[in-house]
Amino acid sequence: MHLKVYHETRYVYDKAPSYLVQRLHLVPAEFATQKVLSWTVTAPGFEHGLRYVDAMGNIIHLVTATDVGEAASIIAAGEVETTDASGVVRGLKAQVPETVFLRQSKVARVEHALSGFAGKFSGSAPVLERCHDLMAAVHEAVAYDTDVTHADTTADEAFAAGRGVCQDHAHIMIAVARHNAIPARYVTGYLVTGKGASSVAAHAWAELFVADLGWVGFDAANGQCPNEYYVRIAAGLDAAEVTPVNGSRRGGSGAERLSVEVRVEIAQQ
């Protein structure tokens, strides 16, 4: 599948800051089922920034800028060729052992509301079967709703509410998987919802480690494994580790307003 992505993050300041520093997770890595045909990032200070690949295989840019003005835009755009592998991620270069992804995190851990639910997936069934069962159960238990949770909502809170967004679905899957000794990581990227369709937001899902297969993606928000309609960007312990744009400013008193526009569509062949 030939997919086109446009992702703009725009900041408007009441008073221009004197200095910005930002860490960007905005570039897709290549692996067996994902080939980057073209990709560009524009941002204040980007041409003088630092590019590196971390131990998880994420491509990261660290940029700084001065004299930004009262508005700043960060734009990632490009084209990617994808193929369906039923969620299996092969050929992605990473140096982190799978056991690292058994670590609990503040937003992705089993607490009160999730304790009984998590116990349902501790049986002797094959790991892959339990992962699929977990995805289906989370999809059924937590309805998609953009008005209930926020960036800092924990997996336990979202499960108790029975509503949330893709970030919450991923955190719940990760929390339960780790509770049952299955390494799990949080993934950011993009999704086209159907042929000829476009998306208005970035997307997130979980990847769980299955022996003999490796890392396998599970999108509980949509009840399916990632396929050729997905573009994978970065992975970490939870959402906070792989925020697309994360930074701080110095100077510039007053409010800061943020807007995000994302378009993902199937390219004309």
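Just so it is clear, the model here is predicted, and its values are computed rather than measured.
Between Thr153 and Asp168, some side-chain heavy-atom pair lies under the 4.5 Å cut-off. In this structure the side chain of Thr9 reaches within 4.5 angstrom of the side chain of Leu258, judged on heavy atoms. Using a 4.5 Å heavy-atom threshold, the side chains of Val5 and Glu79 count as separate. Using a 4.5 Å cut-off on side-chain heavy atoms (C-beta onward), Val27 and Ile233 make no contact. Put simply, the side chain of Leu92 does not reach to within 4.5 Å of the side chain of Trp215, judged on heavy atoms. Between Ile60 and Leu24, the closest side-chain pair of non-hydrogen atoms is not below 4.5 Å. You'll find the side chain of Tyr11 reaches within 4.5 Å of the side chain of Val245, heavy atoms only. Looking only at side-chain heavy atoms (C-beta outward), Ile74 and Glu8 stay at 4.5 Å or farther from each other.
If you take CD on Gln22 and CG on Leu62, they are separated by 9.5 Å, rounding to the nearest 0.5 Å. A distance of 14.0 Å separates CZ of Phe31 from NZ of Lys93, quoted to the nearest 0.5 Å. Taken to the nearest 0.5 Å, the CG atom of Leu134 stands 11.5 Å off from the NE2 atom of His179. With rounding to the nearest 0.5 angstrom, the CD atom of Gln167 is 10.5 Å from the OG1 atom of Thr188. A distance of 4.0 Å separates CD of Glu207 from CZ of Arg232, quoted to the nearest 0.5 Å. Distance check: Ile182 CD1 to Met173 CE gives 8.0 Å after rounding to the nearest 0.5 Å.
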Q | Check against side-chain contact (heavy atoms from CB on, under 4.5 Å), Met1 and Asn227 | A | CA-CA 10 Å; Met1 185 68 65; Asn227 52 33; over 6 Å; no
(Q) Between Phe101 and Val96, is the side-chain contact (heavy atoms from CB on, under 4.5 Å) condition met? List the steps. (A) CA-CA 9 Å; Phe101 296 98; Val96 177; 3.8 Å; yes
Q: Determine, stepwise, if the pair Arg103 / Leu237 fulfils side-chain contact (heavy atoms from CB on, under 4.5 Å).
A: CA-CA 8 Å; Arg103 289 173 51 192; Leu237 284 172; 3.9 Å; yes
Q: Go through the steps for His7 and Tyr190 under the test side chain to side chain donor-acceptor pair (under 3.5 Å), then give the verdict.
A: CA-CA 10 Å; His7 181 175; Tyr190 307 102; 2.6 Å; yes
Q.
Run the salt bridge (charged side-chain N to carboxylate O under 4.0 Å, His left out) test on Glu256 and Arg249 for me, step by step, so that the C-alpha distance in whole Å, both residues' side-chain angles and the decisive distance to 0.1 Å come before the verdict.
A. CA-CA 10 Å; Glu256 171 188 286; Arg249 60 174 172 147; 3.4 Å; yes
Q.
Applying side chain to side chain donor-acceptor pair (under 3.5 Å) to Glu228 and Thr82, what does each step give before you reach the verdict?
A. CA-CA 5 Å; Glu228 70 271 29; Thr82 62; over 6 Å; no
Q: Go through Val242 and Asn58 one step at a time and tell me if the side-chain contact (heavy atoms from CB on, under 4.5 Å) criterion holds.
A: CA-CA 9 Å; Val242 287; Asn58 302 321; 4.2 Å; yes
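Ring geometry, His61 versus Phe46: the interplanar angle falls from 30° to 60°, so the pair is classed tilted. The aromatic rings of Phe218 and His132 sit perpendicular to each other, their planes meeting at more than 60°, with 30° as the lower class boundary.
Side-chain N or O atoms of Glu81 include none that pairs as donor or acceptor with a backbone N or O of Val36 at under 3.5 Å. Checked by atom type and distance alone, the side chain of Asp238 never pairs as donor or acceptor with a backbone atom of Ala108 at under 3.5 Å. Judged purely by atom type and a 3.5 angstrom limit, Glu98 has no side-chain atom pairing as donor or acceptor with the backbone of Pro183.
Side-chain contact of Asp219 with His203: a donor-acceptor pair under 3.5 Å is present, judged by distance alone. Of the N and O atoms on the side chains of Tyr230 and Gln224, at least one donor lies less than 3.5 Å from an acceptor on the other residue. Side-chain atoms of Arg10 and Ser73 form a donor-acceptor pair, as typed in the model, at a separation below 3.5 Å.
Annotation for Gln95: atom CD does not count as buried by contact number, only 12 or fewer foreign heavy atoms lying within 6.0 Å.
Note on Arg257 versus Asp14: salt bridge recorded, some NZ/NE/NH1/NH2 to OD/OE distance being below 4.0 Å.
Figure legend: cation-pi geometry between Arg263 and Tyr6, with NZ or CZ positioned under 6.0 Å from the six-membered ring centre and within 45° of its axis.
The residue from Asn180, Leu208, Val210 that alone fulfils the side-chain contact (heavy atoms from CB on, under 4.5 Å) condition with Arg130 is Asn180.
Minimum heavy-atom separation, Phe121 to Ala137: CZ-CB, 3.7 Å. Contact record, Val142 with Gly164: CG1-N, 3.8 Å, taken as the closest heavy-atom pair.
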